[in-house]
There are 2 protein chains.
Amino acid sequence: MLDAGVTLPTEFDDAVNWAAWLYYADEMTQSEIAKTLNVSRATVVNYLQEARSRGIVSIRISTYASGRTKIARALKEKFGLEGALVIPSTGNGDLVRRLGDAGARVLADQVTTGDVIGVAWGRTVLSVADQISLPEPLSNLTVVQVSGSSTGEPDFSPELCTSLLSSRIGARCVNLLAPAILSTKELRAMLLDEPVLKKQFDLIHSTNRILFGVGDVGPKSTVRASGIASQREIDTYVEHGAVAVIIGRFIDAHGRAVGGEHDERMVGIALEELIQTPNRICVAGGAGKIEAITATLEGGYATHFVTDMATGEALLGV
Amino acid sequence: MLDAGVTLPTEFDDAVNWAAWLYYADEMTQSEIAKTLNVSRATVVNYLQEARSRGIVSIRISTYASGRTKIARALKEKFGLEGALVIPSTGNGDLVRRLGDAGARVLADQVTTGDVIGVAWGRTVLSVADQISLPEPLSNLTVVQVSGSSTGEPDFSPELCTSLLSSRIGARCVNLLAPAILSTKELRAMLLDEPVLKKQFDLIHSTNRILFGVGDVGPKSTVRASGIASQREIDTYVEHGAVAVIIGRFIDAHGRAVGGEHDERMVGIALEELIQTPNRICVAGGAGKIEAITATLEGGYATHFVTDMATGEALLGV
DNA sequence: ACCCGCCACTGACACTTGTCAATACATAAA
DNA sequence: TTTATGTATTGACAAGTGTCAGTGGCGGGT
């Protein structure tokens with residue numbers, strides 16, 4: 001077999017790299033690459049897929065450029081955001097998956113060495129965690145669970161969100177070793193006095209970035225499936241004006257905290273603490289969440305906001 | 001005209017963005033996107049090309065992953081490099097262009113806010129400058145010309161390399177306001193005493209990153225076309241063992257500086273100063289430069305090295 | 001030695017994408 | 001108003017790409 005002008009790759013990994021360079025940097029066609037590498041074109045296709053899936057090749061869509069679209073600019077203006085990313089609506093595709101992807105890109109864009117990243121929970125946050133990948137490994141990253149662990153729906157529990165995200169980006173993972181909700185506020189106070197938890201809360205207070213979603217309080221909402229509060233307790237919050245939940249805390253239409261007895265039994269970051277975090281990325285969208293998201297943004301809980309176009313327009317159309 | 005499930009883009013810029021997201025993030029086909037956006041598929045093709053060329057979409061090939069190929073690892077090992085990037089050889093394509101692209105990717109990967117980037121000159125360096133583009137703008141970048149300006153071949157002069165690179169990455173540009181070579185070393189000393197030049201040399205000494213190529217001393221070499229030295233002066237260097245030129249300075253086969261009277265009349269960063277810079281990116285390749293590159297790497301002048309496979313193998317095969 | 005399972009690889013087909021000359025549209029000048 | 005000029009867009013064709021069932025080779029197990 002003749003060597004067609006290139007020394008043959010001696011390791012499998014190498015071949016994937018050569019293919020990636022020849023295709024994406026040199027813009028050769030797959031057939032040309034196949035000839036150069038002495039393999040079939042189908043194999044080149046496989047190499048390129050491998051390169052993409054392993055992150056050897058990463059396609060980045062500038063969040064900077066996207067932040068300059070009309071809607072994103074309007075959202076930034078209206079709610080005083082530092083950054084907004086509005087993805088196109090498709091009408092069909094699974095919105096949570098798509099928002100997760102977008103949120104992952106925003107987070108991946110911003111993360112740097114040494115970051116301590118707080119992570120809330122919910123379907124959207126889990127979706128972000130599931131899809132994130134860094135183009136190169138970063139050293140000294142920490143992911144911290146910012147609310148207690150819930151006993152309800154395990155598919156998007158705080159622990160899962162935290163551990164999935166941390167493993168995807170190669171970060172140290174710190175799970176909060178306490179239930180999200182306790183039966184009395186005295187017990188909560190005693191628990192928080194434990195040295196282990198004190199240490200964890202110190203870490204929570206040192207997060208420089210936090211990722212969270214927005215929950216509504218409707219009949220099919222995540223918060224009602226989460227187990228952090230009974231249906232009656234949630235109803236009580238709603239009676240007191242609550243329209244949204246962020247990281248387990250209820251807020252009214254203007255973004256003000258809605259407190260109560262139940263609130264004082266919860267373990268997790270408080271809204272006043274959240275707002276101290278320099279970089280607060282909120283990912284949320286969907287027709288049913290307009291009111292909840294408006295409340296969140298009006299409350300100034302987010303510095304960066306990721307949504308889709310339909311939601312963005314609804315938020316502006318009020 | 002019916003709105004096909006998506007609100008129509010109201011600005012041109014927006015359309016390009018939506019297309020980019022739908023194609024690269026959602027992996028929709030161009031036909032689907034065309035339907036969604038109510039334009040022809042050909043227009044979508046144009047949008048996507050626009051998105052790529054404007055850097056809204058950037059395809060990144062992990063230099064981290066490429067550094068793990070056999071040859072790159074061997075080069076790092078042999079010459080004690082921090083990083084090596086070896087691109088595949090094609091036999092046909094224009095090597096300078098391809099190395100320039102690779103070097104640009106390495107530099108773009110490493111540059112961060114606040115950097116002061118020293119830039120040498122030469123065909124390869126110019127090629128890097130010509131092809132670099134940052135995925136997002138970075139603030140407070142400075143590009144410094146590290147050697148005096150030459151009167152010879154203007155196609156790859158120090159000024160051009162510096163100003164092109166700085167404009168491509170949106171950096172402040174500092175050109176060295178002095179000729180590369182003066183007629184006496186006394187004049188050189190006087191000139192360097194000028195406050196303007198003192199200030200510029202201060203900046204040169206504070207560069208934290210430097211980009212340079214390697215010149216050979218053969219009959220058709222860049223240095224002989226550059227005008228920084230006469231053919232006779234170059235011959236004299238060669239007689240004293242010079243096999244390579246980096247940033248206007250001659251070195252022997254082991255990377256040691258080859259001095260001389262001419263050397264003392266040059267304006268530009270010295271080799272001892274070069275080696276103080278924390279991050280030194282060297283881009284070079286080609287069959288005729290093996291000896292010169294070996295000398296450069298043995299001298300420890302580079303921390304990061306970019307080359308092609310054929311050159312890499314030749315460097316290892318010694 | 002044999003069989004089995006695994007996985008990289010292949011060939012041919014159907015689909016997706018890029019190209020390019022021609023067209024529609026806008027804006028500015030006559 | 002018409003004409004000119006440049007730019008965004010299109011349709012149809014050529015070229016490039018993804019898929020998938022099937023092949024071939026290699027190591028582990030019996």
Side-chain angles (χ1 to χ4, degrees), chain A residues 1-61 65 68-70 88 90 92-93 101, chain B residues 1-4 6-61 65 68-70 88 90 92-93 98 101:
Chain A
M1 208 196 287
L2 267 181
D3 180 331
V6 104
T7 307
L8 284 177
T10 42
E11 279 190 359
F12 172 74
D13 237 44
D14 286 19
V16 175
N17 257 293
W18 302 148
W21 275 94
L22 294 172
Y23 191 72
Y24 287 106
D26 291 313
E27 300 186 321
M28 285 170 63
T29 68
Q30 298 182 352
S31 332
E32 291 175 295
I33 299 172
K35 247 172 270 165
T36 310
L37 257 43
N38 282 321
V39 291
S40 75
R41 201 183 53 71
T43 300
V44 175
V45 175
N46 292 335
Y47 286 170
L48 293 175
Q49 276 166 350
E50 171 100 10
R52 282 186 298 257
S53 78
R54 292 226 323 253
I56 291 172
V57 165
S58 56
I59 295 174
R60 172 174 175 181
I61 306 168
R68 305 198 69 83
T69 56
K70 268 201 157 182
T90 53
N92 45 21
D101 174 78
Chain B
M1 209 196 286
L2 266 182
D3 179 332
V6 102
T7 307
L8 283 176
T10 42
E11 280 189 0
F12 172 75
D13 235 45
D14 287 19
V16 175
N17 257 293
W18 303 148
W21 275 94
L22 294 172
Y23 191 72
Y24 287 105
D26 291 313
E27 301 187 322
M28 285 169 64
T29 68
Q30 298 181 352
S31 330
E32 292 175 295
I33 298 171
K35 246 173 271 163
T36 311
L37 259 41
N38 282 320
V39 291
S40 75
R41 200 183 52 72
T43 300
V44 175
V45 175
N46 291 336
Y47 285 171
L48 293 175
Q49 276 166 348
E50 171 101 10
R52 283 185 298 256
S53 79
R54 292 226 323 254
I56 291 172
V57 165
S58 56
I59 295 175
R60 172 173 176 184
I61 306 168
R68 305 196 70 82
T69 55
K70 270 202 157 182
T90 53
N92 45 21
R98 299 182 65 242
D101 174 77

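Lettering of chains follows the sequences in order, A, B, ..., and the numbering in each one begins at 1.
An OP1 or OP2 oxygen of D:dT17 is reached within less than 4.0 angstrom by a side-chain nitrogen or oxygen of A:Tyr23. Put simply, A:Gln49 has a side-chain N or O that comes within less than 4.0 Å of OP1 or OP2 on D:dT19. At C:dG18, one or more side-chain N or O atoms of B:Gln30 fall inside 4.0 Å of OP1 or OP2 (strictly under the cut-off).
Of the candidates D:dT19, C:dT10, D:dG11, the closest approach to any side-chain atom of A:Val39 belongs to C:dT10. Between D:dT9, D:dG18, C:dG18, one nucleotide has an atom nearer to the side chain of A:Arg52 than all others, and that is D:dG18. Out of C:dG18, C:dC9, C:dT19, the shortest distance to the side chain of B:Arg41 is found at C:dG18. Comparing atom distances between the A:Tyr47 side chain and each of D:dT10, C:dC9, C:dG18 picks out C:dC9 as nearest. Residue A:Ala42 has its side chain nearest to D:dT19 when only D:dT19, D:dG18, C:dT19 are considered. Of the candidate nucleotides D:dG18, D:dT10, C:dT10, C:dT10 has the atom lying nearest to any side-chain atom of A:Asn46.
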Can you list the steps and then say if A:Asp101 with B:Trp21 is a side-chain contact (heavy atoms from CB on, under 4.5 Å)? CA-CA 10 Å; A:Asp101 174 78; B:Trp21 275 94; 4.1 Å; yes
Is there a side-chain contact (heavy atoms from CB on, under 4.5 Å) between A:Leu22 and A:Leu37 once you walk through the steps? CA-CA 10 Å; A:Leu22 294 172; A:Leu37 257 43; 4.1 Å; yes
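For the pair B:Glu27 CD and C:dT16 P, the interatomic distance rounds to 14 Å; values are reported in whole Å. The distance from atom CD1 of B:Ile33 to atom P of C:dG18 is 11 Å, rounded to the nearest whole Å. The interatomic distance linking B:Tyr24 (OH) with C:dT17 (P) rounds to 10 Å, in whole Å. When rounded to the nearest whole Å, the span between CG of B:Leu48 and P of C:dT19 equals 12 Å. Atom CD of A:Glu32 and atom P of D:dG16 are 8 Å apart (whole Å). In this structure, the CD atom of A:Glu50 is 13 Å from the C1' atom of C:dC9, given to the nearest Å.
Residue-level contact check: B:Thr43 touches the bases, meaning some heavy atom is under 4.0 Å from a base atom.
Between A:Gln30 and A:Val45 there is a side-chain heavy-atom pair separated by less than 4.5 Å. At a threshold of 4.5 Å between non-hydrogen side-chain atoms, the residues B:Thr90 and A:Thr36 do not count as touching.
Summarising the geometry of B:Val16 relative to B:Tyr47, their closest heavy-atom pair is CG1-O, 3.6 Å, with the distance given to 0.1 Å.
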